[in-house]
Amino acid sequence: MSALLSQGIDLMLSGMFTVFLFLCLLIVSINTFAYLLKEKTNHLPSSFVKKDNVIGNDHLKIIKAIGVRIQNEK
Amino acid sequence: MSALLSQGIDLMLSGMFTVFLFLCLLIVSINTFAYLLKEKTNHLPSSFVKKDNVIGNDHLKIIKAIGVRIQNEK
Amino acid sequence: MSALLSQGIDLMLSGMFTVFLFLCLLIVSINTFAYLLKEKTNHLPSSFVKKDNVIGNDHLKIIKAIGVRIQNEK
Amino acid sequence: MNFLDIVSSFGIFSITLPQAIMLIVGLLLLYLAINKKFEPLLLLPIGFGAILTNIPEIGLSLSPIERLIYENKTEDIQILTSMLGLEVAQLSEYLKAASYLELSNINSLSIDIGYKPGILYTFYNVAIGSGVAPLLIFMGVGAMTDFGPLLANPKTLILGAAAQFGIFATVIGALLLDHYGVISFTLKQAAATGIIGGADGPTAIYVSSILAPELLGAIAVAAYSYMALVPLIQPPIMRALTTDKERVIEMVQLREVSQKEKIIFPISLLLIVGLLLPSAAPLLGMLCLGNLMKESLVVERLSEVAQNSLINIVTIFLGLSVGSKLAADKFLTPETLGILLLGIVAFAIGTASGILVAKLMNVLSKNKVNPLIGAAGVSAVPMAARVANKVGLEYNSQNYLLMHAMGPNIAGVIGSAVAAGVMIKFLA
Amino acid sequence: MNFLDIVSSFGIFSITLPQAIMLIVGLLLLYLAINKKFEPLLLLPIGFGAILTNIPEIGLSLSPIERLIYENKTEDIQILTSMLGLEVAQLSEYLKAASYLELSNINSLSIDIGYKPGILYTFYNVAIGSGVAPLLIFMGVGAMTDFGPLLANPKTLILGAAAQFGIFATVIGALLLDHYGVISFTLKQAAATGIIGGADGPTAIYVSSILAPELLGAIAVAAYSYMALVPLIQPPIMRALTTDKERVIEMVQLREVSQKEKIIFPISLLLIVGLLLPSAAPLLGMLCLGNLMKESLVVERLSEVAQNSLINIVTIFLGLSVGSKLAADKFLTPETLGILLLGIVAFAIGTASGILVAKLMNVLSKNKVNPLIGAAGVSAVPMAARVANKVGLEYNSQNYLLMHAMGPNIAGVIGSAVAAGVMIKFLA
Amino acid sequence: MNFLDIVSSFGIFSITLPQAIMLIVGLLLLYLAINKKFEPLLLLPIGFGAILTNIPEIGLSLSPIERLIYENKTEDIQILTSMLGLEVAQLSEYLKAASYLELSNINSLSIDIGYKPGILYTFYNVAIGSGVAPLLIFMGVGAMTDFGPLLANPKTLILGAAAQFGIFATVIGALLLDHYGVISFTLKQAAATGIIGGADGPTAIYVSSILAPELLGAIAVAAYSYMALVPLIQPPIMRALTTDKERVIEMVQLREVSQKEKIIFPISLLLIVGLLLPSAAPLLGMLCLGNLMKESLVVERLSEVAQNSLINIVTIFLGLSVGSKLAADKFLTPETLGILLLGIVAFAIGTASGILVAKLMNVLSKNKVNPLIGAAGVSAVPMAARVANKVGLEYNSQNYLLMHAMGPNIAGVIGSAVAAGVMIKFLA
Ligand code: NA
Ligand code: NA
Ligand code: NA
């Protein structure tokens with residue numbers, strides 16, 4: 001294998017390694033902050049959480065509506 | 001006549017020649033494309049063309065209205 | 001007193017002198033133009049001036065309303 | 001330091017008479033812009049820039065070396081000349097002969113000695129020296145222009161060509177002034193002066209920044225002022241050169257122009273300019289780009305920004321940069337008087353040429369044009385077209401010439417950009 | 001001067017065949033942008049810039065010295081070589097070996113001789129050479145991006161990582177082409193070519209401006225064209241690599257994400273990139289800045305301008321600058337063919353990698369993901385996410401994958417910026 | 001290359017403690033901007049810029065030669081020194097003594113060796129080094145400011161003058177710190193520190209960029225932070241220096257100001273600054289230009305863009321550029337501590353001076369002013385005026401001082417720009 005090819009493979013290995021490591025660290029960071037912030041908002045009354053679900057359903061409707069529009073666009 | 005003046009006249013002649021030639025070429029180009037695109041849209045029903053005239057009248061009204069406003073502005 | 005300190009005091013004196021002189025000149029200029037422009041508009045009918053007062057009251061109301069909003073904001 | 005020293009160091013005690021005169025000129029431009037609404041978008045920042053430029057002591061429109069010389073501190077001049085290995089007396093000769101590279105080094109040295117470039121000098125270099133600002137204005141103009149009236153009646157392009165005669169006749173006029181020793185003009189300067197007749201601000205600035213930057217201030221001021229004066233300059237000429245019968249000619253209603261034609265037009269104009277007159281390609285190319293962004297309907301974001309934020313930002317800098325060329329020593333010259341004189345001649349001849357060629361067209365063709373719209377060929381968009389419309393209405397109150405005049409009016413923009421290209425090609 | 005001389009001096013008579021071909025390429029890009037709506041925001045100005053660049057005679061994308069050589073006037077070349085103390089024959093060797101400082105001096109000399117930098121050359125240097133334009137675009141993208149879907153389901157970040165395999169596989173592909181003597185690529189050129197697989201315009205432009213500016217034109221055109229072609233490129237691969245059962249997988253509804261999480265995300269991303277891979281910090285940093293301006297809710301003025309006026313203005317200059325790299329002699333090369341070929345391979349491999357890793361994740365985890373969203377990991381925001389949604393709906397008309405696909409889609413932007421950082425770190 | 005090598009090359013392993021501290025400072029600024037709403041328009045980009053600046057390895061705020069030295073690769077340093085004909089050990093001496101021209105050449109050489117300028121270094125030079133950004137902010141501020149309240153009651157200008165005593169007292173304070181060996185300040189540095197008391201961000205940045213760029217970061221951070229803290233800093237001083245009787249004074253209603261007066265004001269201010277204190281003309285001139293564009297009512301397009309798109313774009317770059325001056329080695333110094341300390345002193349003295357002179361005016365004039373509005377003379381527009389209004393309402397719930405306080409508040413902007421002009425005139 002030529003030196004150039006071997007350098008390319010080195011680049012690929014270190015590149016993919018870094019990309020995965022980076023995004024995994026990002027996952028860890030996201031999950032950590034999600035957990036920490038959840039902790040803090042856990043004291044909210046359950047009625048608030050329910051309301052949240054209702055919003056969730058609205059959200060779903062919106063997503064579907066967007067989807068339909070996109071489909072029509074294409 | 002001084003050299004400078006004669007250069008100026010040269011500039012004038014080549015300038016006016018180029019300006020006219022340029023804009024004449026542009027006229028040819030505009031007419032050509034107008035003709036080519038008309039060819040394509042000639043298959044439209046005559047009712048469409050009539051409608052076009054009606055739009056034309058609206059157009060005229062708008063122009064007159066603009067004119068009146070401009071007159072008032074001045 | 002060190003040379004540096006004395007330079008600082010020089011800077012302070014000339015600075016404050018210039019600032020005051022500058023803003024005083026600005027006061028003179030503002031008052032002059034206010035006077036000159038008043039002269040010109042003095043020929044307006046008194047009804048216009050009255051109207052002006054009415055506007056003034058509106059102005060006051062607006063200022064109060066703004067004040068209330070700012071207070072609430074804080 | 002006592003307070004008298006401070007007072008005696010005030011700028012007013014070092015002002016020169018020419019600077020004082022230029023401050024008044026700046027105020028006059030502000031007055032024309034604000035009270036008379038003379039092209040305020042340009043004349044307001046130009047007038048303001050003129051005042052800033054002529055503030056004493058500070059040299060806001062000067063390069064570092066120019067500031068060093070303007071402030072005239074013996075000590076600093078000696079430092080510079082010793083750095084350059086010159087005698088003090090040799091400096092001005094050296095500077096006159098200096099190449100671009102040497103000047104750039106001298107400016108660096110002057111910065112070392114403590115002279116920063118003036119802020120308006122920076123604005124000028126970035127906005128006009130680079131050529132960028134007039135080009136971006138042209139892009140914005142393109143994005144704001146509807147070429148429809150021109151496409152609907154392309155033969156009115158001829159009128160936009162004819163009116164450019166004002167440009168070249170003025171070049172000859174300037175050279176005659178030079179020939180008879182009244183005011184001296186080089187060919188480049190004469191050409192830059194002539195372009196005022198194009199009645200198109202960015203074109204005039206672009207051309208003069210290339211051919212005669214020393215005259216740019218006067219040329220831009222003349223161009224914008226006379227554009228604002230078009231309603232006064234043109235009607236007498238229009239009345240003198242037309243008969244009552246001609247003035248009431250009603251023109252055939254313009255046909256509808258399809259969107260495809262509007263899209264194809266800037267592209268074909270770009271190709272024609274690219275293949276015929278590459279030196280006009282920057283100006284006309286940017287006009288075409290702006291218009292294509294508008295008409296293509298697929299990049300509304302870009303079209304919108306080109307005709308709003310971007311053109312407005314650029315206009316501020318363009319105006320201030322033009323103002324930076326109104327320094328007393330460069331503006332208060334016989335050339336400026338000549339430019340102001342020749343500029344109005346250029347407008348008049350352009351107007352006349354447009355009208356006369358319209359009359360000639362009527363002789364040759366059965367589809368009559370109202371010769372009043374020929375006057376719109378000088379450009380001064382949209383003022384000249386409105387003037388044609390207004391004068392037309394005076395004689396025939398049902399005869400709205402506005403749309404018909406827009407054709408030669410816009411054609412005049414293209415025409416003067418072509419004339420500019422010819423000048424740059426042969427003289428730059 | 002007679003009129004024949006004038007006509008014979010028209011640009012068309014000095015056009016070269018490659019220039020003519022490039023004019024057609026420019027027209028083709030305009031056609032794709034306007035009629036086919038292929039990423040018109042970029043391809044319209046790129047196509048327009050390509051035409052401007054290939055206008056004969058004028059060299060709008062050339063530096064002063066390049067213009068001097070392009071215009072090839074014996075006299076001027078002699079002046080320059082005598083200034084440099086060289087024989088004419090030595091000039092091209094000298095230029096090849098010239099350092100940055102020497103080149104800058106040579107350009108100054110060329111300006112002295114009368115050759116100004118072309119306007120597109122100026123645009124390129126300011127917008128891309130400095131790195132500013134792609135960074136500002138990234139800031140605007142950040143200000144327009146809602147990272148919510150990604151924060152709601154962070155494991156989809158894995159898919160955005162996986163799809164970057166397309167980048168590196170393409171690097172190897174380019175090196176194999178070089179190895180077998182088909183088309184020669186250096187490692188830097190191969191890397192810049194690979195980044196097309198990132199399916200992210202600003203990243204591709206940023207990387208190639210650093211690693212292989214000579215290929216930037218082809219790389220940017222390939223990147224934007226293939227991004228526009230994603231709806232054609234991806235579906236066959238998506239169908240080939242998934243089973244009917246997989247394609248109908250419905251995913252758990254995304255949880256609500258709090259504003260605090262959205263504020264913390266760009267900050268933590270910034271810190272991670274700063275502490276891991278500083279070479280990716282300019283790109284990702286600007287993305288984070290834009291996003292933080294949006295999500296912090298305290299600087300709406302800045303967020304608004306970043307995602308409107310500023311990004312639109314920058315897009316115009318970026319497009320024209322990319323177009324300036326489509327000069328005939330640099331674009332009509334075997335490398336361009338190789339880049340166009342490798343670019344589509346990169347997209348295909350990236351798509352496949354995303355899908356396959358999604359399938360692998362389903363093997364390892366009980367919370368199933370629909371592998372179609374893996375294809376969105378290539379980025380091409382938001383096109384690839386829409387494609388995933390559309391293909392999903394074909395098989396399950398109640399299965400809206402759009403929001404789920406946005407996670408890997410945006411992750412793909414981060415992933416390719418990380419890949420870009422690695423390349424810059426090891427190769428720049 | 002194995003994966004451990006890759007990991008060990010991560011930026012985190014080359015971070016220095018000062019850099020880590022500065023990352024925390026950057027986060028703190030973001031926290032203050034976002035959570036505490038401390039002047040977020042500036043502190044958010046400043047904080048973000050601070051983080052970018054202190055990312056290890058990459059030197060985003062460094063010039064090419066600084067990056068070369070920061071990365072400290074023996075080989076590259078040797079190449080450079082051999083190019084310069086120096087020993088390696090001589091380099092740092094050489095750089096210290098280098099002139100502007102030499103530095104520019106050294107930077108070119110460093111670019112040749114492979115070190116590009118950091119992106120924040122570029123931003124700083126374009127935005128602040130050139131002086132452009134603070135000036136454009138001032139233009140935008142002018143276009144947003146209504147000078148009406150000041151024109152209606154011009155004697156409140158005196159209060160705007162009085163409050164500038166905070167500036168000069170702080171200069172003396174800094175020199176005393178130097179005198180007693182606590183923290184060393186040069187006169188220029190003391191002046192730049194004093195300008196914090198102007199409570200005006202762009203003025204502080206403009207002055208410190210000219211007099212003490214090495215302190216610009218700390219000065220700008222102090223200025224904006226204390227402006228945000230005005231509601232905490234001022235009220236205790238206001239209460240301490242006024243009696244209950246004074247605080248309830250109701251002021252005569254402001255007269256109407258005609259549009260003509262509003263148009264004439266920026267023009268006469270421009271002339272006064274031009275004829276008295278040209279060194280303040282750039283700052284005040286741009287303020288006047290913005291205001292004239294607003295009040296003239298003839299260039300709404302320009303006024304609109306100056307107070308929206310343009311100022312917003314410039315703010316982003318200004319903030320990042322200020323952040324670029326928060327490099328660890330320049331910020332973590334005793335001077336910074338001194339600046340933070342002196343800055344709050346400056347605000348306090350300015351506040352007190354404004355109040356005391358208002359009391360003095362009441363002794364001399366029968367038209368009483370409420371001394372609370374004297375505190376607004378420090379500027380910190382419009383925060384200090386709001387504070388005056390709020391404290392006034394606490395003691396007299398019908399007494400709206402807001403409009404009355406706007407006069408000295410805006411006068412304070414003019415006053416500190418004049419003070420800035422004096423400093424630049426005597427020290428630059
Ligand atoms: Na014209
Ligand atoms: Na990507
Ligand atoms: Na102040």
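Residue numbers start from 1 in every chain, and the chains themselves are labelled A, B, ... in the order their sequence lines are given, proteins ahead of strands. This is a predicted model, so every value here is computed, not measured.
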What part of [X] is in contact with chain B, defined as an atom under 4.5 angstrom from a non-hydrogen atom: side chain, backbone, both or neither?
| X | answer |
| --- | --- |
| D:Phe165 | both |
| D:Ala419 | both |
| D:Ala169 | backbone |
| D:Ile272 | both |
| D:Leu159 | neither |
| D:Val257 | neither |

- prompt: What residue, out of D:Leu187, D:Thr186, D:Asp178, has the most heavy-atom pairs lying under 4.5 Å from chain B?
  reply: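 Sorted descending by pairs with chain B, the first entry is D:Leu187.
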query: When only pairs under 4.5 Å are counted, which of D:Leu277, D:Leu271, D:Thr156, D:Leu276 shares the most heavy-atom pairs with chain B?
result: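 So the answer, after comparing D:Leu277, D:Leu271, D:Thr156, D:Leu276, is D:Leu276.
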Under 4.5 Å between any side-chain heavy atoms of [X] and [Y], yes or no?
| X | Y | result |
| --- | --- | --- |
| D:Leu151 | B:Phe33 | no |
| D:Phe147 | B:Ile30 | no |
| D:Phe168 | B:Ile9 | no |
| B:Val19 | D:Ile167 | no |
| B:Leu26 | D:Leu150 | no |

query: When rounded to the nearest 0.5 angstrom, what is the spacing between CD1 in D:Ile264 and CG in B:Leu37?
result: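 Interatomic distance, D:Ile264 CD1 to B:Leu37 CG, rounded to 0.5 Å: 4.5 Å.
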Show the nearest heavy-atom pair for residues [X] and [Y], with the distance to one decimal.
| X | Y | result |
| --- | --- | --- |
| D:Leu157 | B:Leu23 | O-CD1, 3.4 Å |
| D:Leu284 | B:Phe22 | CD1-CZ, 4.0 Å |
| B:Leu11 | D:Ala191 | CD2-CB, 4.2 Å |
| D:Ala162 | B:Met16 | O-CE, 4.0 Å |
| B:Ile27 | D:Pro154 | CG1-O, 3.4 Å |

task: Please flag which part of B:Ser29 lies under 4.5 Å from any non-hydrogen atom of chain D: side chain, backbone, both or neither.
output: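 The answer is the side chain of B:Ser29.
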